Amino acid sequence: MNSGIIQSVRGMNDILPTASETWRYVEQTIHEVVALYGYGEIRTPIVEKTELFSRSIGEQTDIVEKEMYTFVDRNQDSLTLRPEGTASCIRAGISHGLLYNSTQRWWYLGPMFRHERPQKGRYRQFHQFGVEAIGWPGPDIDSEVISLGHALWRALGLVGLRLEINTLGSLESRRQYTDALKIFLSDNYSDLDEASTFRLDQNPLRILDSKDPNTKALLSNAPVMGDYLTAEDKAHFDLLCRQLDILRIDYHINNRLVRGLDYYTGAVFEWIVPGEGSQNSVCGGGRYDNLVQQLGGSSTPAAGFACGLERLINLVEEQQNRRQSDAVVDIWMVLLGESATLTGHALAEDLRRKGMRVICNCGGGTIGKQLRRADQSGAHYAVIIGDKELESNAITIKGLRIAEEQSGIPLEKAVDFLDAQLKNVTTSR
RNA sequence: GUGAGCGUGGCCAAGUUGGUUAAGGCGCCAGGUUGUGGCCCUGGAGAUCGAGGGUUCGAAUCCCUUCGCUCACCCCA
């Protein structure tokens with residue numbers, strides 16, 4: 001590469017026209033599914049005060065410790081490009097007074113930023129679709145957000161996603177469990193891998209999903225969260241499981257499932273794709289009953305999830321075999337000469353007003369050249385305007401997908417004529 | 001942050017026991033066909049072989065440095 005060429009920032013990708021078609025398809029499907037569940041869209045700023053994320057996600061998480069895009073602005077405020085969407089939603093809900101003695105069903109979709117080493121399914125600017133259901137304490141809302149995700153996979157024609165669920169319990173039961181786990185792990189300190197010894201003080205629950213073989217082996221004898229749950233925690237989780245049964249959504253209880261963000265409480269879940277390597281988590285979420293209060297609101301229960309668009313689109317491409325293509329047009333105007341160009345552009349506007357998709361040949365060229373471009377564009381018809389047509393005040397049309405050519409179509413009848421022709425061919429308009 | 005692999009025209013690439021003009025395909029342009037596309041044929045343009053340095057009579061090829069991309073670890077969506 002020439003050193004004078006400016007490249008995009010590492011891990012931040014361009015989505016070119018051929019690929020954006022799949023993105024639009026996925027986004028439109030999301031719009032349809034959230035509408036079915038009555039969720040409203042919320043759009044929050046991409047930049048927030050750094051404190052919002054450090055307080056909600058947790059100081060000792062990887063995200064806050066080493067992955068945030070943080071900078072000081074001209075007012076000396078510390079700002080951060082959002083690494084996830086939930087904190088902003090709750091901040092917005094609190095500051096607009098929408099969460100007080102009230103309930104909300106929201107969804108969002110947009111770019112997020114984390115400074116990690118890029119690899120397949122993981123980028124520094126990536127996109128998340130997420131939902132937040134705020135104000136309901138019971139497991140009915142947990143199963144609702146899970147089934148919303150499930151509905152999306154179905155609408156996208158995706159198969160093979162595996163739902164794993166767990167419960168982290170309420171604050172008290174989690175504290176008791178954490179204490180027991182700490183004692184157990186401290187007693188077996190020498191068997192822990194290095195990263196886990198570091199987490200022992202800060203965030204012992206995260207040791208549970210360690211991938212180190214020795215630590216994994218050790219954990220098979222460790223205390224289990226299930227034994228520390230209060231009766232209430234248990235009832236909530238059991239009811240969630242029963243609701244999933246009734247909805248006929250298959251799930252697997254994974255008592256090692258721990259989320260990487262500190263605000264989660266109670267039921268948590270993750271949709272994973274077996275065999276997709278380590279970036280196999282397409283969607284993760286759960287309850288966060290303390291977050292609203294933690295960010296200065298009144299105590300309000302909530303649940304939600306976030307779904308990685310790049311990973312989802314990856315699956316769509318693998319499973320759906322969708323053809324990627326540039327925009328296709330109905331009509332290509334072949335224009336021979338200056339006055340033909342003027343006439344042709346005017347006719348094109350009339351055609352577009354009728355809803356036909358039209359490209360006018362630009363840059364001149366012989367009729368052969370222009371027809372070649374017309375053919376390659378994927379258009380159904382070429383409209384030819386040259387000296388002959390101008391003389392008789394008519395146009396010539398030529399089918400590009402079927403053998404058909406007609407000349408002498410009066411200019412004033414051209415719009416209706418082409419409209420009728422196009423209705424005979426299947427278009428994706 | 002750690003490790004591995006890879007950087008050759010716009011794109012896909014062959015070529016790496018060092019040897020003269022760096023294959024081929026796609027795309028692009030022109031012509032065969034001066035108002036008729038696809039298929040075919042012919043010709044053409046387009047490369048400081050990622051960058052910098054070194055070894056050598058000679059480097060895409062060997063050595064060093066550096067940048068970039070990809071994948072994996074870690075972590076997460």
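Numbers restart at 1 for each chain; the letters A, B, ... are given by sequence-line order, proteins then strands. None of these values were measured; they are calculated from a predicted model.
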Does a side chain donor of either [X] or [Y] reach within less than 3.5 Å of an acceptor in the other side chain?
| X | Y | result |
| --- | --- | --- |
| A:Tyr39 | A:Glu132 | no |
| A:Glu389 | A:Thr396 | yes |
| A:Glu144 | A:Tyr37 | no |

Worksheet entry | Donor-acceptor contact present, side-chain A:Arg352 to main-chain A:Val358, <3.5 Å | yes
Discussion item. Taking A:Pro83's backbone N and O only, do any of them form a donor-acceptor pair with A:Arg114's side chain (distance below 3.5 Å, no angle check)?
Written reply: yes
Fill in: side chain to side chain donor-acceptor pair (under 3.5 Å) assessment of A:Ser173 paired with A:Asp233
CA-CA 8 Å; A:Ser173 47; A:Asp233 293 335; 2.6 Å; yes
Could you tell me how far [M] sits from [N] if I compare only their [atom1] atoms? Round to whole Å.
| N | M | atom1 | answer |
| --- | --- | --- | --- |
| B:C40 | B:A72 | P | 39 Å |
| B:G68 | B:G31 | P | 45 Å |
| B:A47 | B:C11 | C1' | 14 Å |
| B:C29 | B:U17 | P | 39 Å |
| B:A51 | B:A59 | P | 15 Å |
| B:C69 | B:G54 | C1' | 26 Å |
| B:G5 | B:U65 | P | 15 Å |
| B:C71 | B:G38 | C1' | 40 Å |

Using a 4.0 Å heavy-atom cut-off, does [X] contact any base of the nucleic acid, only the sugar-phosphate backbone, or nothing at all?
| X | answer |
| --- | --- |
| A:Ala306 | sugar-phosphate |
| A:Gly121 | base |
| A:Tyr381 | nothing |

Worksheet item: Can you tell me if the side-chain N/O atoms of A:Gln119 get under 4.0 Å from OP1 or OP2 in B:U70?
Response: no
Practice prompt. May I ask you to verify if any side-chain N or O of A:Arg10 is less than 4.0 angstrom from the OP1 or OP2 atom of B:G68?
Written response: no
Item to complete: Taking the side chain as every heavy atom from C-beta outward, state whether A:Glu164 and A:Phe269 have any atom pair closer than 4.5 Å.
Response: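 A side-chain contact is absent here, since even the closest heavy-atom pair is not under 4.5 Å.
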Item to complete: State, with a plain yes or no, whether a side-chain heavy atom of A:Ile165 is found less than 4.5 Å away from one of A:Leu244.
Response: yes
[X] [atom1] - [N] [atom2] separation (whole Å):
| X | N | atom1 | atom2 | result |
| --- | --- | --- | --- | --- |
| A:Arg117 | B:A72 | CZ | P | 13 Å |
| A:Phe113 | B:A77 | CZ | C1' | 14 Å |
| A:Glu84 | B:C75 | CD | P | 19 Å |
| A:Leu257 | B:A77 | CG | P | 10 Å |
| A:Leu312 | B:C76 | CG | C1' | 16 Å |
| A:Leu161 | B:A77 | CG | P | 15 Å |
| A:Gln125 | B:C76 | CD | C1' | 17 Å |
| A:Arg122 | B:C75 | CZ | P | 10 Å |

Response to the item:
Per-nt protein contacts along nucleotides 33-38 of chain B (heavy atom under 4.0 Å; B base, S backbone sugar-phosphate only, - none) come out as --BBBB
Practice prompt. Can you label the angle between the A:His31 ring and the A:Trp107 ring as parallel, tilted or perpendicular, going by 30° and 60°?
Written response: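 Rings of A:His31 and A:Trp107: tilted, 30 to 60°.
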Response to the item:
On RNA chain B, more 5' by nearest nucleotide between A:Arg114 and A:Val9 is A:Val9
Worksheet item: If pairs are Watson-Crick or G-U with both distances under 3.5 Å, what is the dot-bracket string of RNA chain B, marking crossing pairs with [ ] and pairs to another strand with |?
Response: ((((((((.[[[..)...(....]]].(((((.......))))).....[[[[[..)....]]]]])))))))....
Item to complete: Answer yes or no for A:Arg287 and A:Trp136: cation-pi contact, defined as NZ/CZ to six-membered ring centre under 6.0 Å and angle to ring axis within 45°.
Response: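 So A:Arg287 doesn't make the cation-pi contact.
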Worksheet item: Roughly how far apart are A:His236 NE2 and A:Asp140 CG, rounded to 0.5 Å?
Response: 8.5 Å
